[in-house]
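Shown below is the structure under consideration.
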Amino acid sequence: VIFLIFTVIVGWMAKGFIGRSLIRFAEGLVQRTPVVRTVYSGIKQISETILAKGKHPVTHNLLSENALKVLYRLHKSGYQAYLVGGGVRDIFIGQEPKDFDIATNAEPEQVKKLFHNCRLVGRRFRLAHILFGRDVIEVATFRGHHDSEQNQKTSKQSDGGMLLRDNVYGSISEDAERRDFTVNALYYNIADRAVYDFAGGLADLENKQLRLIGDPETRYREDPVRMLRAIRFAAKLDMQISPETAEPIKRLASLLQSIPAARLFEETLKLFLNGKGLATYKLLRQYDLFQPLFPLVNKFLTEDGSSNCDKFIEIALANTDSRINSGKRVTPAYLYAAMLWYPLEALAEERVIDSGLNYQDAMLLAMNDALDSQIKTIAIPRRFTATIRDIWHLQGRLPRRQGKRAEKVFEHLKFRAGFDFLEMRAQIQNDELVEVTQWWRDYQSANATGKQNLVKAINGGKPAQKRNRRPKKKPAPRNNQA
């Protein structure tokens, strides 16, 4: 500060070009330096870093047009409006922002009055969703601190510390403290176009460190899903989880059993379908978080990752990551089918031994057993369980290529997913499936004549023959009685 004052005084006293240059230098130095000030949040004293407009990478051409509409309308209506979380964070690390969440001092009902396309959702966390076709902009009111005297209609915790209801509103600084990780507590203000950092998130981004705001054990008990979010962000952002943030995770992993299965389904989509699924899986294993999600699978895994089940899951995740990063479509059904394949085979073999069923019938019953067990922890919707069953069922049909079977299997809607699954199994088992997989590769690339020749080779040189079906008997004529 003394240096700046001295520079301005000298510039003032100097004449001509040198004086003007010194003053411009001092002004630029002030603008480039982040403003750091002390603010009070409840009873806590925290530091606030402000990066003024032009001194940070957030520009409007990087933001969603719909998010800007919401921000401007809130601002023009007299409310504070900030872009917060992943959208700001991703711009700072050079990634394309995809999530545009907004924080405001307007309460949900006030937001709804401003937007005819608004829908209020959630009981635990009351949110406003502004709908622009398929694009949804999420607007949240600043969260406040919990007080034991708060009305249970707005705030409630379980005996174990889990937040059952969290509709206590507060200031922006209180909201920053209520967020999970420091790198997600960055706010872009539409009013002055500055970025506000209340928790040291900018420094953590620079150091590639993922740090939880507040006491980690308390925050995990409030919402155990934060443990999964820590893993997801560490893998996605290529960051290290800070020691104090990582320490309680293994001890508290069992808390995930208290999370609704429907919510865990949504979380597993975020974990495995973000282009970093394999890295995420390895971190889940490292921190003992995979077992609460897939208890049926865990018994088939080994510490050193040498089992066939380990290898199979890793290949499936690597293939999925490759497709996502290439801009191709993926279905979560494929991953769930891979995760549960080895438990499914074991269940089918148990059915054969215990009930004396043939393998195909035992497999059909085992499919029900495996899926019924899994949906207790992760509520996989029926539209995906149907695809999982198709993929599994095709594993028994693909090796049987005689007659017209190959043609019928090839016409199946889920043939490609079933074949890719068979190809993965061949990589692991390295048995007769290798020959079956190569045959189907040739069949897919062959013309009509080539397909016939491939089937003929399977049939011992004979072309596929049609079954001679017995003609249906004509019904006897009715006797019309007067």
Side-chain angles (χ1 to χ4, degrees), residues 227-228 230-232 234-236 238 240-241 246 249-251 253-254 256 264 268 271-325 330 332-353 359 362-363 366-367 369-371 373-374 377-378 388 391-392 394-396 398-399 417-438:
M227 293 185 284
L228 298 181
I231 298 301
R232 175 159 62 91
K236 178 184 176 182
D238 191 23
Q240 293 293 320
I241 303 175
I249 293 179
K250 286 188 178 182
R251 290 191 286 107
S254 61
L256 288 174
L264 286 182
T268 54
L271 286 168
F272 297 123
L273 300 183
N274 62 8
K276 294 279 189 176
L278 181 55
T280 302
Y281 166 73
K282 290 180 177 180
L283 285 174
L284 288 172
R285 293 285 310 280
Q286 179 182 335
Y287 287 98
D288 294 346
L289 292 174
F290 188 78
Q291 191 275 335
L293 298 176
F294 295 92
L296 195 64
V297 182
N298 201 61
K299 67 179 76 171
F300 294 88
L301 305 177
T302 56
E303 287 291 332
D304 60 358
S306 60
S307 73
N308 283 350
C309 186
D310 284 296
K311 295 174 184 176
F312 194 60
I313 291 173
E314 290 191 10
I315 291 174
L317 287 165
N319 291 349
T320 301
D321 288 346
S322 177
R323 289 185 64 85
I324 291 171
N325 295 326
V330 295
Y334 186 82
L335 274 182
Y336 289 123
M339 300 264 189
L340 297 170
W341 175 251
Y342 279 89
L344 173 71
E345 284 195 314
L347 289 170
E349 289 168 4
E350 288 178 14
R351 286 277 188 177
V352 170
I353 295 169
Y359 189 77
M363 179 62 84
M367 290 180 192
D369 296 338
L371 290 172
S373 175
Q374 184 57 53
T377 53
I378 297 176
I388 293 169
I391 291 171
W392 286 343
L394 283 167
Q395 302 313 296
L398 283 164
F419 170 73
D420 289 344
F421 198 88
L422 182 78
E423 199 169 34
M424 281 201 311
R425 291 175 58 211
Q427 290 181 53
I428 298 295
Q429 296 174 210
N430 199 26
D431 52 14
E432 66 273 4
L433 291 183
V434 175
E435 182 272 326
V436 174
T437 301
Q438 185 57 52

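Remember, predicted model here, so these are calculated numbers, not experimental data.
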Flag side-chain contact, heavy atom, 4.5 Å: Leu301 against Asn298: yes
CD1-NZ distance between Ile324 and Lys276, expressed to the nearest 0.5 angstrom: 12.0 Å
Smallest separation among heavy atoms of Gly277 and Asp321, with atom names: N-OD1, 2.8 Å
Residue list, side-chain contact (heavy atoms from CB on, under 4.5 Å) with Pro332, at least two apart or on another chain: Leu269, Leu273, Tyr336, Phe384
Leu317 side chain reached by Phe272 side chain, heavy atoms, under 4.5 Å: yes
Gln374 side chain to Leu293 backbone, donor-acceptor under 3.5 Å: yes
Aromatic ring pairing Phe312/Tyr342, orientation class (parallel under 30°, perpendicular over 60°, tilted between): perpendicular
Non-hydrogen side-chain atoms of Ile313 and Val297 separated by less than 4.5 Å: yes
Closest contact, heavy atoms only, Leu398 versus Gly418: CD1-O, 3.6 Å
Set of residues satisfying side-chain contact (heavy atoms from CB on, under 4.5 Å) with respect to Thr302, sequence neighbours excluded: Asp304, Ser306, Ser307, Asp310
Pairwise distance CG(Leu371) to CD1(Ile388) - rounded to 0.5 angstrom: 5.5 Å
Parallel, tilted or perpendicular, as decided by the 30° and 60° cut-offs, for the rings of Phe421 and Tyr334: perpendicular
Heavy-atom side-chain contact between Phe300 and Asn308 under 4.5 Å: no
Leu340 to Leu296 - nearest heavy-atom pair and separation: CD2-CD2, 4.4 Å
Side chain proximity check, Met363 to Leu344, heavy atoms < 4.5 angstrom: yes
Asp288 (side chain) donor-acceptor with Ala253 (main chain) under 3.5 angstrom: no
CD (Gln240) with more than 12 external heavy atoms under 6.0 Å: no
Which atom of Ala348 lies closest to which atom of Ala366, heavy atoms considered: N-CB, 3.5 Å
Within-4.5 Å side-chain heavy-atom neighbours: Asn274 and Thr280: yes
Under 3.5 Å donor-acceptor, Glu345 side chain and Trp341 backbone: no
Leu278 side, atom CG; Leu283 side, atom CG - distance, nearest 0.5 Å: 10.0 Å
Aromatic contact, Tyr281 with Phe290 (centres under 6.0 Å): yes
Any donor-acceptor N/O pair, Ser322 side chain to Ala318 backbone, under 3.5 Å: no
Test item: Leu284 and Leu228 side chains (from C-beta on) under 4.5 Å apart, heavy atoms: yes
Contact check, side chains of Glu314 and Lys282, non-hydrogen atoms, under 4.5 Å: yes
Under 3.5 Å donor-acceptor, Ser373 side chain and Asp369 backbone: no
